[in-house]
> 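One structure, as structure tokens, below. Some questions next.
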Amino acid sequence: MYQTLAVAVLVLMLGAYLKSKIYFLEKFCIPAPVIGGLLFAIFTCICYTTGVAEFSFDDILREVCMVFFFTSVGFQANLKVLRSGGKSLILFLFLVIALIVSQNLLAVGIAKLLGLSPLVGMCTGSIPMVGGHGTAGAFGPVLEDRTESACGTIKGATTICTAAATFGLISGSLVDGPLGKRLIEKRGLLDTAIPEDDTLLVEDEKKHERHTNMYAAAVFQLILAIGLGTIFSWLLTKTGMTFPIYIGAMIAAALFRNIGEYSGKFTIHMGEINDLGGISLSLFLGVAMITLKLWQLASLALPLFILLAVQVLLICCFTYFLLFNIMGRDYDAAVLVAGTCGFGMGATPNAMANMQAICEKYTTSVKAYLLIPLVGSLFADFINSLVITFFINLI
């Protein structure tokens, strides 16, 4: 497991180097672990198919890093932020929930039409789309275990989820800018842009400051949440349903965060926790990517492309016709369309990068800059995990 982690770090370093040198990778916000890991996965695929060598890794630390990352996500679930965001935040959150459910319903439905297992469809639903590579790596093994025990019709769910997440990253970056631009120019929305006071940003910046002497306390808070989370996970298994291993830790972390916020008795070191979560995610993705078996995608290449193309069509229609009209039919709503495409098919950094490009061309949208990070980073992953778990157990 130590060698596996070391190889994962080498892959991370390679990916970071290539990202800094290749404009395309930087433009589309492709994560460094995905860049280096995909190259390594191609290398191992060539070795396997030519009979030169077959690599085997001890990936036990992948699960440890995954749980640390999703626990840091649980600490983001601040109910005070949700209340302070007003009606727009609540409304946007419900639209994102509707998008998550729609992605899974469509994925399962199209999979059945193609004669595939519905769990293959789940591999292209909200797991890789709203969830991105982190959720793809987490739920891939869950889908493989559930499928093997159910009907044994799918292998390599982690590989499929990861490939779908990469497709979503690139597609989301390609479509969100043109969609937002078309709405703004076709409908003359620039006149509706209203300068707002940026003090509307509800997160207290002091809570995100980093202090080197607080990283130990942040690690201890993560470990305590993970420890308590094992009890929650054990209780959840008594329901007879399948849950990802980290769900209990996420719930415990959310409890810690909100008890701290409302009682004022202790401080949650969010800046440090975010940093530690980012490191854990990078290591988790690194290990997940080097263990991919790309040759398992060969028989699913065409159906996978159809499933993913339909997902792109869904989010374009959902944001352009539904989200835009519900969120106000104004300039802010158009920028929200671009941002939602970004994290709805990839990740919040994609959303922010593309919103920034639109705002630099026209003018700033404080409302969009408020809602996208809050929902995309704080609540979407948490809710997505619950919805995915419901769908897996329903199937």
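The first residue in the sequence is number 1, and the count goes up from there. Bear in mind that the values here come from a model prediction, so they are computed numbers and not experimental data.
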> When you compare the side chain of Cys47 with that of Phe43, does any pair of heavy atoms fall below 4.5 Å?
yes
> Met122 and Leu119: side chain to side chain contact (heavy atoms under 4.5 Å, CB included), yes or no, with the steps?
CA-CA 5 Å; Met122 287 295 295; Leu119 292 180; 4.3 Å; yes
> Under the criterion side-chain hydrogen bond (donor to acceptor under 3.5 Å, both in side chains), I'd like the reasoning laid out for Asp58 against Thr4: C-alpha separation, chi angles, the key distance, then a yes or no.
CA-CA 6 Å; Asp58 185 341; Thr4 300; 6.0 Å; no
> Under a 3.5 Å distance rule, please check whether Tyr362 uses its side chain to pair with a backbone N or O of Tyr331 as donor and acceptor.
no
> Let me check something: do Val67 and Ile231 share a hydrophobic cluster, defined by ILVMFWY side-chain heavy atoms less than 4.5 Å apart, either directly or through other members?
yes
> According to a hydrophobic-cluster definition based on side-chain heavy atoms being under 4.5 Å apart (Ile, Leu, Val, Met, Phe, Trp, Tyr only), do Phe40 and Val52 belong together?
no
> Should Leu179 and Cys316 be marked as a side chain to side chain contact (heavy atoms under 4.5 Å, CB included) after you check the CA-CA gap, both sets of side-chain angles, and the distance that decides it?
CA-CA 8 Å; Leu179 273 182; Cys316 289; 4.0 Å; yes
> Please check if Leu224 and Leu222 belong to a single hydrophobic cluster, counting links between Ile, Leu, Val, Met, Phe, Trp and Tyr side chain heavy atoms closer than 4.5 Å.
yes
> As an exercise, state the distance from CG of Asp59 to CG of Leu5, rounded to the nearest 0.5 Å.
11.5 Å
> Can you list, by chain and residue number, the hydrophobic cluster partners of Tyr48 when the side-chain cut-off is 4.5 Å?
Trp295
> Starting from Val96, can I reach Val101 by hopping between I/L/V/M/F/W/Y residues whose side chains sit under 4.5 Å apart?
yes
> Taking atom CD of Gln103 and atom CD1 of Ile388, what is their separation to the nearest 0.5 Å?
9.5 Å
> By side chain to side chain donor-acceptor pair (under 3.5 Å), which residues pair with Tyr215, not counting sequence neighbours?
Asp275
> Give, for atom CE of Met129 and atom CD1 of Ile100, the distance between the pair rounded to the nearest 0.5 Å.
13.0 Å
> Does Thr340 have any side chain to side chain donor-acceptor pair (under 3.5 Å) partners at least two apart in sequence or in another chain, and if so, which?
none
> Is there a donor-acceptor pair under 3.5 Å between the side chain of Thr237 and the backbone N or O of Trp234?
yes
> Do you know the tightest heavy-atom contact between Asp330 and Phe324?
O-CE1, 3.6 Å
> Distance from Leu336 atom CG to Lys367 atom NZ, nearest 0.5 Å?
6.5 Å
> Evaluate side chain to side chain contact (heavy atoms under 4.5 Å, CB included) for Leu113 paired with Ile110, printing each intermediate quantity in order.
CA-CA 5 Å; Leu113 286 176; Ile110 298 298; 4.2 Å; yes
> Would you say Leu91 has more than 12 foreign heavy atoms packed within less than 6.0 Å of its CG?
yes
> Counting only heavy atoms not in Ile60 (residues, nucleotides, ligands), do more than 12 fall under 6.0 Å from its CD1?
no
> When rounded to the nearest 0.5 angstrom, what distance separates CZ in Phe94 from CG in Leu89?
10.5 Å
> List for me each residue that meets side chain to side chain donor-acceptor pair (under 3.5 Å) alongside Glu63, sequence neighbours excluded, and say none if there are none.
none
> Considering residues at least two apart in sequence or located in another chain, which fulfil the side chain to side chain donor-acceptor pair (under 3.5 Å) criterion with Thr319?
none
> Assess whether atom OH of Tyr262 is packed by more than 12 heavy atoms of other residues, nucleotides or ligands within 6.0 Å.
yes
> Answer yes or no: is there a side-chain heavy-atom contact under 4.5 Å between Leu313 and Cys317?
yes
> Quick one: pull up CZ in Phe68 and CD1 in Ile226 and give me the separation to the nearest 0.5 Å.
4.0 Å
> Main chain of Ala254, side chain of Asn258: is a donor-acceptor contact present, judged purely on distance under 3.5 Å?
yes
> Answer yes or no: is there a side-chain heavy-atom contact under 4.5 Å between Phe167 and Thr124?
no
> Counting neighbours of CZ on Phe266 that are heavy atoms of other residues, nucleotides or ligands and sit closer than 6.0 Å, is the number greater than 12?
yes
> Measure the shortest side-chain to side-chain distance between Ile290 and Thr44 over non-hydrogen atoms and say whether it is less than 4.5 angstrom.
no
> Checking side chain to side chain contact (heavy atoms under 4.5 Å, CB included) against Ile127, which of Leu143, Ile160, Asn384 comes through?
Leu143
> Are side-chain heavy atoms of Ile383 and Leu93 found at a separation under 4.5 Å?
yes
> Can you find a heavy atom in the side chain of Ile247 that is under 4.5 Å from one in the side chain of Phe70?
no
> Only one of Leu322, Ile315, Leu183, Ile358 passes side chain to side chain contact (heavy atoms under 4.5 Å, CB included) with Val337; say which it is.
Leu183
> Same cluster or not: Leu38 versus Phe57, using hydrophobic residues (I, L, V, M, F, W, Y) connected whenever any side-chain heavy atoms lie under 4.5 Å apart?
no
> Assess, by modelled atom type and distance only, whether the side chains of Tyr246 and Ser385 contain a donor and an acceptor separated by less than 3.5 Å.
yes
> So, Gln221 side chain and Thr267 main chain: donor-acceptor pair closer than 3.5 Å or not?
yes
> Let's go through Phe75 and Asn274 carefully: what are the C-alpha distance in whole Å and the side-chain angles of both, what is the deciding distance for side chain to side chain contact (heavy atoms under 4.5 Å, CB included) to 0.1 Å, and is it a yes or a no?
CA-CA 9 Å; Phe75 274 108; Asn274 287 337; over 6 Å; no
> A side-chain contact here means heavy atoms from C-beta on lying under 4.5 Å apart; do Pro128 and Gln311 qualify?
no
> Begin from the C-alpha positions of Ser126 and Asn104 and carry the test side-chain hydrogen bond (donor to acceptor under 3.5 Å, both in side chains) through to its verdict.
CA-CA 6 Å; Ser126 71; Asn104 290 318; 2.9 Å; yes
> Checking Lys265 now: which residues fulfil side chain to side chain contact (heavy atoms under 4.5 Å, CB included) with it, not counting sequence neighbours?
Ser263
> May I ask you to test the Leu18-Leu14 pair for a side-chain heavy-atom distance under 4.5 Å?
yes
